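The structure appears right after this line, and notes come after that.
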Protein chains: 2
Amino acid sequence: MTTRDTGTEQLIKDTAKQVFFKEGRLHATTQDIADAAGVNRTLVNYYFRSRDELIRQVYEEGMDDMDNRLSQIMESDIPFREKIESFIDVFMADSMEYPYQETFLITEMNTNSNLHNKPDMNLKVENFSAQIQKEIDEGRLPKMDPIHFAMNMFSLMIYPLIMRPLYKQLYKLTNEQFTKLMLERKDITCKMLFGKQ
Amino acid sequence: MTTRDTGTEQLIKDTAKQVFFKEGRLHATTQDIADAAGVNRTLVNYYFRSRDELIRQVYEEGMDDMDNRLSQIMESDIPFREKIESFIDVFMADSMEYPYQETFLITEMNTNSNLHNKPDMNLKVENFSAQIQKEIDEGRLPKMDPIHFAMNMFSLMIYPLIMRPLYKQLYKLTNEQFTKLMLERKDITCKMLFGKQ
DNA sequence: TCATTGTTTGACAAAAATGTTAAACATTTA
DNA sequence: TAAATGTTTAACATTTTTGTCAAACAATGA
């Protein structure tokens with residue numbers, strides 16, 4: 001079967017990511033996704049066979065994406081702090097687009113538990129920890145388990161975006177105000193991490 | 001109808017909170033919840049009329065709980081830093097029990113959008129911001145929008161707990177190791193917030 | 001004890017979500 | 001153009017989830 005590539009398969013997958021990662025509608029049905037994509041629901045089955053398979057692919061690609069974003073910290077050979085600054089810049093821009101990507105992944109992990117971990121991610125994480133440890137040893141970061149640095153960084157970047165509906169309500173913020181705050185956070189997060197206050 | 005109170009209604013609601021807030025199984029069905037509670041599924045309808053009503057009550061009480069926890073920051077009249085230290089201590093203990101409470105609330109907000117905000121929470125938040133602003137004015141905190149202090153605090157406390165399945169996998173952690181790290185974070189979070197590194 | 005009434009259960013019904021199929025449609029290519 | 005083949009659609013079927021009801025059960029009180 002020489003696929004004719006009408007872009008529909010990709011459209012459905014991309015729309016599913018919009019719904020799950022961007023809008024955070026984690027209970028969305030195939031009908032919801034088809035509607036959002038403006039296509040007949042049957043096409044979900046035509047291209048993906050089942051809902052589960054669509055979810056599986058979205059999950060898989062979400063994980064791959066995380067993996068790729070992690071790689072970014074490794075490859076460049078610039079000083080640690082600059083590397084982190086640049087990482088925060090890129091990662092936060094992505095997260096502002098898709099705040100619920102990690103939440104989706106975790107929710108799937110919590111409901112399925114038949115998750116296959118990508119072994120090369122462990123290596124990257126170890127590598128990252130080693131980089132942090134080096135900074136600690138050379139006195140540029142306070143003494144602590146390197147995992148805390150990573151946790152701090154991801155927490156400060158992602159969590160406010162997840163809680164957006166709540167913050168908007170509690171602090172009576174417009175979309176513009178919220179976006180402005182998130183952009184400010186790039187700097188704030190960096191300063192928090194390196195203790196330069 | 002003089003209720004006989006067999007504790008079943010409360011059991012179902014508590015179990016729902018266990019499933020949603022503790023296990024993070026956000027797609028759980030009424031059957032899942034009934035099974036977890038060890039009761040006949042029909043009792044969910046007997047006591048709550050519909051699934052939606054059970055969810056509504058869990059949502060409502062989850063919000064009330066957040067409200068109460070926020071109040072805690074207001075009432076005591078001890079110095080700001082001590083207040084925050086004590087708050088982190090209590091809040092993190094709660095969050096370790098129910099990591100997905102806020103995630104559940106947000107997911108519901110994202111799917112329903114017919115949320116009625118509790119107006120008195122706005123007041124508490126304003127009060128909290130004023131307290132932070134005072135610290136800033138008196139030079140005990142760096143200059144920034146007080147909302148960032150709140151965002152930093154909640155992010156550092158909650159997000160690592162949400163991501164637990166991922167961190168456990170990436171860093172090859174046992175439950176005990178993870179718990180130990182989370183307890184360490186009480187201190188780390190506090191130091192991050194006040195810049196004492 | 002026996003009637004009353006609230007609770008629990010299982011069988012059934014309804015609704016919602018997902019999956020299948022055949023026919024209509026569109027594109028390619030011979 | 002016409003056959004071949006991939007794509008889309010609507011009708012239908014199946015499965016899953018939710019909701020209803022009457023009968024069984026258990027506790028209370030006259």
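Note that the coordinates shown come from a computational prediction; the quantities given were computed from them, not determined experimentally. Quick note on labels: first sequence line is chain A, next is B, and so on, each numbered from 1.
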Short side-chain N/O contact from A/Asn40 to OP1 or OP2 of D/dA10, under 4.0 Å: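 Yes, such a contact exists.
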I need the [atom1]-[atom2] distance between [X] and [N], as an integer number of Å.
X       : N      : atom1 : atom2 : answer
B/Asn45 : C/dT7  : CG    : P     : 15 Å
B/Asp35 : C/dT9  : CG    : P     : 12 Å
A/Tyr46 : C/dC25 : OH    : P     : 17 Å
A/Phe48 : D/dT8  : CZ    : P     : 12 Å
A/Leu54 : C/dG19 : CG    : P     : 10 Å

Hey, what's the ring geometry for B/Phe87 with B/Phe154, parallel, tilted or perpendicular (30° and 60° as the breaks)?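 The arrangement is perpendicular - the two ring planes meet at more than 60°.
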For the pair B/Tyr98 and B/Phe21, name the ring-plane relationship: parallel under 30°, tilted 30 to 60°, perpendicular over 60°.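 Correct class here is perpendicular.
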Nearest heavy-atom neighbours spanning A/Leu141 and A/Leu193: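 Heavy atoms of A/Leu141 and A/Leu193 come nearest at CD2-O, 3.8 Å.
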What heavy-atom pair brings B/Lys172 and B/Gln177 nearest, and what distance separates the two atoms?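 Nearest pair, atom of B/Lys172 first, then B/Gln177: O-OE1, 3.8 Å.
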[X]: which residues meet the salt bridge (Lys or Arg N to Asp or Glu O under 4.0 Å) condition with it, sequence neighbours left out?
X        : result
A/Glu126 : none
B/Asp67  : B/Lys124
A/Lys17  : A/Glu61

Distance-only side-chain donor-acceptor flag, [X] / [Y], under 3.5 Å:
X        : Y       : value
B/Gln57  : B/Glu53 : yes
A/Thr42  : A/Asn40 : yes
B/Gln131 : B/Lys83 : yes

Charged N to carboxylate O below 4.0 Å: is that the case for A/Arg56 and A/Glu60?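 Yes, this pair counts.
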Give, ordered by number, those residues of residues 6-14 of chain A having at least one heavy-atom distance below 4.0 Å to an atom of DNA chain D; if nothing qualifies, reply none.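 Contacts with DNA chain D under 4.0 Å: A/Thr6, A/Thr8.
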Under a 4.0 Å heavy-atom cut-off, which of residues 20-34 of chain B touch DNA chain D?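 Within residues 20-34 of chain B, the residues near DNA chain D are B/Thr29, B/Thr30.
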Can you tell me whether the side chain of A/Arg41 and the base of C/dG19 have a donor-acceptor pair closer than 3.5 Å?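 Side chain to base: pair present.
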Which atom pairs link the protein and nucleotides 23-30 of chain D when you take only N or O atoms and keep those under 3.5 Å?
unit_1, atom_1, unit_2, atom_2, d
D/dA27, N3, B/Arg4, NH2, 3.4

Which nucleotide in C/dT7, D/dC21, D/dG19 has an atom nearest any side-chain atom of B/Ser50: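 Closest nucleotide to the B/Ser50 side chain: D/dG19.
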Classify B/Tyr47 by what it touches in the nucleic acid, base, sugar-phosphate, or nothing, heavy-atom distance under 4.0 Å.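 If one applies the 4.0 Å heavy-atom cut-off, B/Tyr47 turns out to touch the sugar-phosphate alone, with no base involved.
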Touch check for A/Asp5, heavy atoms < 4.0 angstrom, all strands: base, sugar-phosphate only, or nothing?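 Sugar-phosphate, no base atom in range.
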Taking for each residue the nucleotide of DNA chain D bearing the nearest heavy atom, is the 5' side occupied by B/Arg51 or by A/Leu43?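 First, find each residue's nearest nucleotide; the 5'-ward one identifies A/Leu43.
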